[in-house]
Amino acid sequence: MRLLAWALRLCELSGQGAPGRPVSARVCLGLRISKGPRERCWASIRAVGTRSDLPSHPCVATRIMRPDDANVAGNVHGGTILKMIEEAGAIISTRHCNSQNGERCVAALARVERTDFLSPMCIGEVAHVSAEITYTSKHSVEVQVNVMSENILTGTKKLTNKATLWYVPLSLKNVDKVLEVPPVVYSRQEQEEEGRKRYEAQKLERMETKWRNGDIVQPALNPEPNTVSYSQSSLIHLVGPSDCTLHGFVHGGVTMKLMDEVAGIVAARHCKTNIVTASVDAINFHDKIRKGYVITISGRMTFTSNKSMEIEVLVDADPVVDNSQKRYRAASAFFTYVSLSQEGKSLPVPQLVPETEDEKKRFEEGKGRYLQMKAKRQGQAEPQA
């Protein structure tokens with residue numbers, strides 16, 4: 001009974017129920033208590049309606065941040081937040097793609113647009129993740145996700161993340177078959193036109209990233225401090241059943257969490273201070289990863305400004321038990337980290353020393369992305385002044 005009361009209280013804190021009033025079982029779902037060092041207690045809340053009106057209702061998930069979600073300074077890992085974002089997006093897009101009679105499917109993550117970490121989240125705070133469908137093409141779904149953090153002692157809430165994700169529906173009978181997406185009804189004609197522009201832009205960017213797929217991270221002997229080789233890191237992971245969907249393919253959120261862990265190791269090795277994720281550039285998922293595959297997540301620093309670091313992360317999948325397939329590039333992205341003092345103040349970053357021609361080229365490309373994003377932020381701030 002105590003656990004039920006706790007779950008209902010979380011529903012009230014999330015705005016899904018009023019104090020003193022019973023919360024419907026159609027609103028508060030998914031209470032689970034787990035035991036173990038890496039398992040956690042959580043409650044998730046879902047907005048439920050009829051099949052026809054599901055796309056108009058956001059999917060909301062709520063979870064308290066535990067010690068194993070954070071680093072030694074108490075800041076929640078960016079990968080943990082990315083995983084929650086992807087789970088909410090997968091739920092609402094899968095619901096929508098199955099909202100009409102026809103072949104059943106599961107929505108698979110294809111791309112995550114640039115995601116900024118606007119404010120750090122800490123242990124003990126409650127994360128409220130809200131996902132809403134904003135556009136559909138013939139074979140893809142665009143989902144907008146917002147993350148709010150809540151201090152349940154003071155009631156203070158703040159926006160920590162905004163993200164845009166793209167999903168494609170894969171048939172449960174044939175995982176290589178992409179199904180058609182039920183269309184959504186737009187309240188204004190401009191919404192559909194703006195969504196179509198975003199769709200075409202992300203499609204073009206996905207094509208542009210494919211030329212980098214042959215690039216690999218090579219180890220170096222006795223590297224000097226502040227060089228690319230000194231901080232580059234790799235993680236090898238065997239894909240198990242708990243990492244996968246009903247299809248037997250890895251959840252996009254699992255991949256993103258591993259990518260963030262590797263990027264964090266690279267940043268920490270370079271700075272030797274407390275580091276946090278500042279933003280994630282577009283994450284492109286080039287191909288699916290099957291259960292039983294071995295994945296290698298490699299990270300290397302590409303650029304440093306005075307107070308930020310850009311890290312490129314590459315994910316390669318190796319079908320070790322399948323001789324018919326070769327190792328392939330499954331995903332890639334750029335992560336940006338900042339260095340923090342014990343008081344949470346930003347610190348200067350040791351400047352990266354590129355040595356080879358390829359490293360110098362990647363440094364200049366990273367500088368271009370940094371200046372472009374800096375100009376974009378300044379342009380957005382000017383109208384508000």
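None of these values were measured; they are calculated from a predicted model.
By the 6.0 Å and 45° rule, Lys367 does not stack over the aromatic ring of Phe303.
A salt bridge is absent between Glu343 and Lys345; no separation between the charged side-chain nitrogens and carboxylate oxygens falls under 4.0 Å. We find that Glu87 and Lys83 are joined by a salt bridge, their nearest charged nitrogen and carboxylate oxygen being less than 4.0 Å apart. Classification of Arg300 and Glu359 as a salt-bridged pair fails, no side-chain N sitting under 4.0 Å from a carboxylate O.
Between Gly240 and Cys244 the shortest heavy-atom distance is O-SG, 3.4 Å. Residues Val338 and Ala278 come closest through the heavy atom pair CG1-CB, 4.0 Å.
Annotation: side chain of Asp318 is not in contact with side chain of Lys326 (no heavy-atom distance under 4.5 Å). Side-chain contact between Leu235 and Thr296: absent, with no pair of heavy atoms (C-beta onward) separated by less than 4.5 Å. When side chains are defined from C-beta on, Val143 counts as touching Ser93, because their heavy atoms get closer than 4.5 Å. In this structure the side chain of Arg290 never reaches within 4.5 angstrom of the side chain of Pro319, judged on heavy atoms. Side chains of Glu132 and Val145 form no contact here, defined as non-hydrogen atoms less than 4.5 Å apart. Annotation: side chain of Phe334 is not in contact with side chain of Val280 (no heavy-atom distance under 4.5 Å).
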